[in-house]
Trainee: 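The structure is given below, and queries will be raised subsequently.
Chain letters run A, B, ... following the sequence lines, proteins first and then strands; every chain starts at 1.
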2 protein chains.
Amino acid sequence: MKSTIPEAGVPITPPAAGNGGDRQEASLHGEILLRLRDYVAEGNIPEGGRVPERQLCEMLGISRTPLREALKVLAAEGLIELLPNRGARVRQLSQRDLEELFDVMAGLESLAGRLACEAITDEEISAIERLHYEMYGHYLHRDMPSYFQINQQIHESIVAAARNETLKTTYANFAGRIRRVRYSANFARKRQRWAEAMREHEAILDALRRRAASELSDILFQHLRNKRSAAIEHLAEGQDTRPETTSQGG
Amino acid sequence: MKSTIPEAGVPITPPAAGNGGDRQEASLHGEILLRLRDYVAEGNIPEGGRVPERQLCEMLGISRTPLREALKVLAAEGLIELLPNRGARVRQLSQRDLEELFDVMAGLESLAGRLACEAITDEEISAIERLHYEMYGHYLHRDMPSYFQINQQIHESIVAAARNETLKTTYANFAGRIRRVRYSANFARKRQRWAEAMREHEAILDALRRRAASELSDILFQHLRNKRSAAIEHLAEGQDTRPETTSQGG
DNA sequence: AAGACAAAAAATGAATGCAAAATGGTTCTC
DNA sequence: GAGAACCATTTTGCATTCATTTTTTGTCTT
């Protein structure tokens, strides 16, 4: 009974025949890596759930070799964890893990702001200002999803303005790690916190206009710190089960 | 003359029969990963040089499967790059790449200092003070290697005091990436810069004692920035060939 | 003699096969 | 009847094998 591919060809995502255009991977394992990363980040596998190789192989229509290569990379990225002889599991993020992740994100954005002050152009600032006002509109209309989307664009604009591809990549990596959590914590914001966030964003813009690197660095860190508090509180309320993952003794 | 690598059958490191004790990897690919990472980071393969699978397999006494898994991870870590159908190469760091890496390191240390101010104990500060004075002794005796070693310990202590394992891991990752460069740039410091660095370290200690988070953050960033300048200048002098690696368009 | 084309050789990418470990279920013992 | 032990099945880890692609080498043409 070696029906390796009983109903293969049922891809996780629509068969990437067109190759969306964002970034293509020539090799199979690269393709698999991109798809698996999204698959896991979008929460298709429950926290701590097993990642069965065989099943995924059938689902993706590939053999185990490239899949296992992709799993190793995902483990290195921190999305999953590999237990010796016991397969891969979706990494459970304890509350502490989340706090740490948010803090590192805060540090990266803080750095981005600092660097941005050195290199950002007036045009880029104008673009961020436009985003800011657009976001303000969503805020007034209490349109949380749109607000959140623009908010993310602003932060990404700051990271982009830092002119540091390494930072950008690292930032994206960490953003991917908490993506799974964000899916449920996006709307953690209370009204109170929302207004506060708007004020902070105005301060960010102000510091950016003046190219006040240290100040912007501080503001951004605090801004993310407050975000962290909101998210953590929200999660603490919503979930009773706060798994204590084995802290990877790095 | 294709063998840039020692003869086969000679293990990179003594066969880890005892398993030193720092961190053991049960799986073979994990073991390989650790060894290969060190092997590459220590500069055993020239910049941009090929990483021949077959040769490494013989050298390590394993098959290609676990080796390739390790290579994928190293590529994800940024130590090597994988060209489709053309194998792995040791990643060449352009001057720009180095600048970016140093800046990210600066951001991470800056963050570490900020976080450390929240959690560091008096005992930890005392320990860092002791290291500082020890380092000062090496400075007076112009003992550059010892100075550098203690210097690294101080920075690691600050990162440890941040109480953030994620940050610590990330920091170690980036430190590994520039390790190869540090091997040649360690002693880039001019006398002038050396004295300056000592003063900065005193300022760091001062801010740490006062738990002045923002201030320490600024000082640490600047300190690393100055380090960056010194290293980059040194490399610019020493090397004419500054390869323009294809900036990975993440 | 230099360049171009073609075939051989080598290396890479992925699939398959095999041994060891883990999981699950059943049976045996107390 | 409950718990431990044993065996079958599944799963994982690694080696081996097969198919492409690349690189090299040799020959031929201009």
Trainee: Does the side chain of A/H29 get closer than 4.0 angstrom to OP1 or OP2 of C/dG13 through an N or O atom?
Mentor: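 For C/dG13, neither OP1 nor OP2 has a side-chain N or O of A/H29 closer than 4.0 Å.
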Trainee: Taking only residues two or more places apart in sequence or in another chain, which ones pass side chain to side chain contact (heavy atoms under 4.5 Å, CB included) with A/A75?
Mentor: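 A/I80, A/L82.
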Trainee: Side chain of A/I62 only, please: which of C/dA15, C/dT12, D/dC14 is the nearest?
Mentor: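 Shortest atom-to-atom distance from the side chain points to C/dA15.
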Trainee: Any salt bridge between A/E53 and A/R68, counting N to O under 4.0 Å?
Mentor: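 A salt bridge is present here (some side-chain N lies under 4.0 Å from a carboxylate O).
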Trainee: Closest nucleotide of DNA chain C for B/K72 versus for A/R50: which of these residues is on the 5' side?
Mentor: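 Closer to the 5' end of DNA chain C: B/K72.
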Trainee: Rounding to a whole Å, what distance do you find between A/L82:CG and D/dT11:C1'?
Mentor: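 Those two atoms, CG and C1', are 13 Å apart.
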Trainee: Round to the nearest Å and state the distance from A/L71 atom CG to C/dA14 atom P.
Mentor: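 About 14 Å, once rounded to whole Å.
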Trainee: So, are A/R225 and B/E118 salt-bridged, with charged N and O less than 4.0 Å apart?
Mentor: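 Counted as a salt bridge, because a side-chain N and a carboxylate O are separated by less than 4.0 Å.
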Trainee: So, is B/R86 close to the C/dT12 phosphate, meaning a side-chain N or O under 4.0 Å from OP1 or OP2?
Mentor: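 It does not, given that no N or O in the side chain of B/R86 lies less than 4.0 Å from OP1 or OP2 of C/dT12.
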Trainee: Between A/L60 (CG) and C/dA14 (P), how many Å, whole number?
Mentor: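 Checked: the CG to P distance equals 13 Å.
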Trainee: Nearest whole angstrom, please: distance from the P of D/dT11 to the CG of A/L83.
Mentor: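 Going from A/L83 (CG) to D/dT11 (P), I get 16 Å.
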Trainee: Can you tabulate the close N/O pairs, meaning under 3.5 Å, that link protein atoms to atoms of nucleotides 7-10 of chain D?
Mentor:
none

Trainee: What's touching nucleotides 16-21 of chain D from the protein side, N or O pairs under 3.5 Å?
Mentor:
unit_1	atom_1	unit_2	atom_2	d
D/dT16	O4	B/T65	OG1	3.3

Trainee: Measure the distance from CG on A/L67 to P on D/dG13 and round it to the nearest whole Å.
Mentor: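 My rounded result for the distance is 11 Å.
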Trainee: Do the non-hydrogen side-chain atoms of A/E124 and A/T121 ever get within less than 4.5 Å of each other?
Mentor: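 Side-chain contact under 4.5 Å: yes.
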Trainee: For A/N44 and A/Y39, which heavy atoms make the closest approach, and how far apart are they?
Mentor: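 Scanning both residues completely, I find the closest heavy atoms to be OD1-O, 2.8 Å.
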Trainee: Ignoring hydrogens and geometry, is there a side-chain-to-backbone donor-acceptor pair from A/E100 to B/T166 under 3.5 Å?
Mentor: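 At least one qualifying donor-acceptor pair exists.
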Trainee: B/N173 and B/T170: side-chain donor and acceptor closer than 3.5 Å?
Mentor: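 There is no such pair (donor and acceptor under 3.5 Å, judged by atom type) between the side chains of B/N173 and B/T170.
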Trainee: Measure CD/A/E58 against P/D/dT11 and give the value in whole Å, please.
Mentor: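 The distance from CD of A/E58 to P of D/dT11 comes to 10 Å, rounded to the nearest Å.
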Trainee: Is there side-chain contact between A/N151 and A/K227, with heavy atoms separated by less than 4.5 Å?
Mentor: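 Sidechains of A/K227 and A/N151: in contact.
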Trainee: Look at B/R68 and C/dT12 and indicate whether a side-chain polar atom (N or O) is within less than 4.0 Å of OP1 or OP2.
Mentor: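 For C/dT12, OP1/OP2 do not have a side-chain N/O of B/R68 under 4.0 Å.
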Trainee: May I ask you to verify if any side-chain N or O of A/R54 is less than 4.0 angstrom from the OP1 or OP2 atom of D/dT12?
Mentor: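 False: A/R54 side-chain N/O out of range (4.0 Å or more) of D/dT12 OP1/OP2.
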Trainee: Rounding to a whole Å, what distance do you find between A/E31:CD and C/dA14:P?
Mentor: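 Those two atoms, CD and P, are 11 Å apart.
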Trainee: In whole Å, what is the span from the CD atom of A/Q55 to the P atom of D/dT12?
Mentor: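 Those two atoms, CD and P, are 10 Å apart.
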Trainee: Using only heavy-atom distances, determine whether the side chains of B/D97 and B/S94 contain a donor-acceptor pair under 3.5 Å.
Mentor: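 Short answer, yes.
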